[in-house]
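Below is one structure, written out as structure tokens, with a few remarks after it.
All residue numbers refer to positions in the sequence shown, counting from 1. Note that the structure is a prediction, hence the values are computed from the model and not measured. Whatever order the structure lists them in is the order used to number ligands and atoms, beginning at 1.
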Amino acid sequence: MKLLRYPGGKSKLLSFLVNHLPKSKDIKGSYIEPFVGGGSVFFHVNPNRALISDLNPDLITLYKGIKLYPHKVWETFKLFPKGKAAYYSIRDNDTEGRPMYYKAARTLYLNRTCFKGMWRHNNSGNFNVGYGGEERRWAITHENLIEISTIFRKAEINNCDFEDVILGTSKNDFIFLDPPYKPGDKDLHELHYSNGKFLFDEQIRLAETLKSLPKSKHIHWAMTNSSHKDILKLYEGYKIEKIPFGTGDKLGIQTKSSNEVLITNY
Ligand SMILES: C[S@@+](CC[C@H](N)C(=O)[O-])C[C@H]1O[C@@H](n2cnc3c(N)ncnc32)[C@H](O)[C@@H]1O
């Protein structure tokens, strides 16, 4: 089940990834995902105890809203009128002071009716993606939201930087990391992610944070990243596997090589 359309979503790589990740029952501590995004891997693993986090505040309000108020989110979502004019009015209306379930329903509605599920904000922080249509809106049902809410109830959901999440881990936790990146050699040093800047300095900070985890914590981690040589250099000495298939530059196009790697410390 896919709740959101999300940039960098891993649903197309799931069949490869799941063979390299522990099963929920084998994770002795908590499942931790500091760049949870659309959450495809988290939903698939469906862990018994988890901490998921992301720097995107609207995304996290959506997840908390579904966790706490799935029925209210659904009732609000389904009553948003259809069509282009309604979309722009809902998109451009201020949500200040609105309850969490309203904000959650609005984010879900915008994600499901905006152009290609893009997630882009202008300099004032306002969502500015154009209207895309209603076809994808009803792929989500009331039952889906209840099911997702049940999965979220087993998780703590935070809106913070990856470093706080990684350093806050406990003994025997498992961390899955999917930081923002562009596959392959392109644009590694450019600003390339719609939600915040994740430049190469951030990649260095991430590698250093992971390397600083004490061995005594017995933390296993797995990360998807670009196969760019500068990334591979950061993780020399770790197990690095090429991910065989991926999506091309255009949505839905499969390529032979994904130009992505899976890096693990186990
Ligand atoms: C590639 S996406 C994750 C995609 C996700 N695995 C999925 O399947 O949908 C990367 C996420 O990292 C988040 N992010 C960017 N910078 C961050 C930071 N410093 N700390 C935590 N999350 C961050 C972005 O908001 C984005 O949701």
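- Of the polar atoms of Phe162, at least one N or O is found under 3.5 Å from an N or O of ligand 1, judged by distance alone.
- Put simply, part of Cys160 is less than 4.0 Å from ligand 1, judged by heavy atoms.
- Aromatic ring centres of Phe152 and Phe43 lie closer together than 6.0 Å.
- Annotation: Phe80 is in aromatic contact with Tyr102 [ring centroid separation under 6.0 Å].
- Contact detail for Arg112 and Lys2: the closest heavy-atom pair is NH2-O, 3.2 Å.
- Within ligand 1, counting atoms from 1 as listed, the ones closer than 4.0 Å to a heavy atom of Tyr6 are 9 (O), 25 (O), 26 (C), 27 (O).
- By the criterion of a heavy-atom distance under 4.0 Å, neither the backbone nor the side chain of Tyr181 is placed next to ligand 1.
- At under 3.5 Å, a nitrogen or oxygen of Gly38, whether backbone or side chain, sits near a nitrogen or oxygen of ligand 1.
- Trp221 and Tyr238 have their aromatic ring centers within a separation under 6.0 angstrom.
- Under the side-chain hydrogen bond (donor to acceptor under 3.5 Å, both in side chains) criterion, the residue pairs touching residues 19-39 are His20-Glu241, Ser30-Arg49, Tyr31-Glu33, with sequence neighbours excluded.
- Between Val36 and ligand 1 there is a heavy-atom distance shorter than 4.0 Å.
- Each of the atoms 7 (C), 8 (O) of ligand 1 lies under 4.0 Å from some heavy atom of Ser40.
- When the heavy atoms of Asp178, Leu206, Leu3, Asp54 are ranked by distance to atom 4 (C) of ligand 1, first place goes to Asp178.
- Each of the following atoms of ligand 1 lies closer than 4.0 Å to a heavy atom of Gly39: 7 (C), 9 (O).
- Taking every non-hydrogen atom of Pro34 and a distance limit under 4.0 Å, the qualifying atoms of ligand 1 come out as 21 (C), 22 (N).
- For Ser53, no heavy-atom contact with ligand 1 is shorter than 4.0 Å.
- Side-chain contact between Met100 and Thr61: present, with at least one pair of heavy atoms (C-beta onward) separated by less than 4.5 Å.
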Item to check | Chi angles and distances behind the side chain to side chain contact (heavy atoms under 4.5 Å, CB included) call for Tyr235, Leu210 | outcome: CA-CA 10 Å; Tyr235 294 98; Leu210 286 169; 4.2 Å; yes
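- Partners of Tyr87 by ring pair (Phe, Tyr, Trp, His ring centres under 6.0 Å), not counting sequence neighbours, listed by chain and number: Tyr131.
- The heavy atom nearest to atom 15 (C) of ligand 1, out of those in Ser11, Pro180, Gly37, is found in Pro180.
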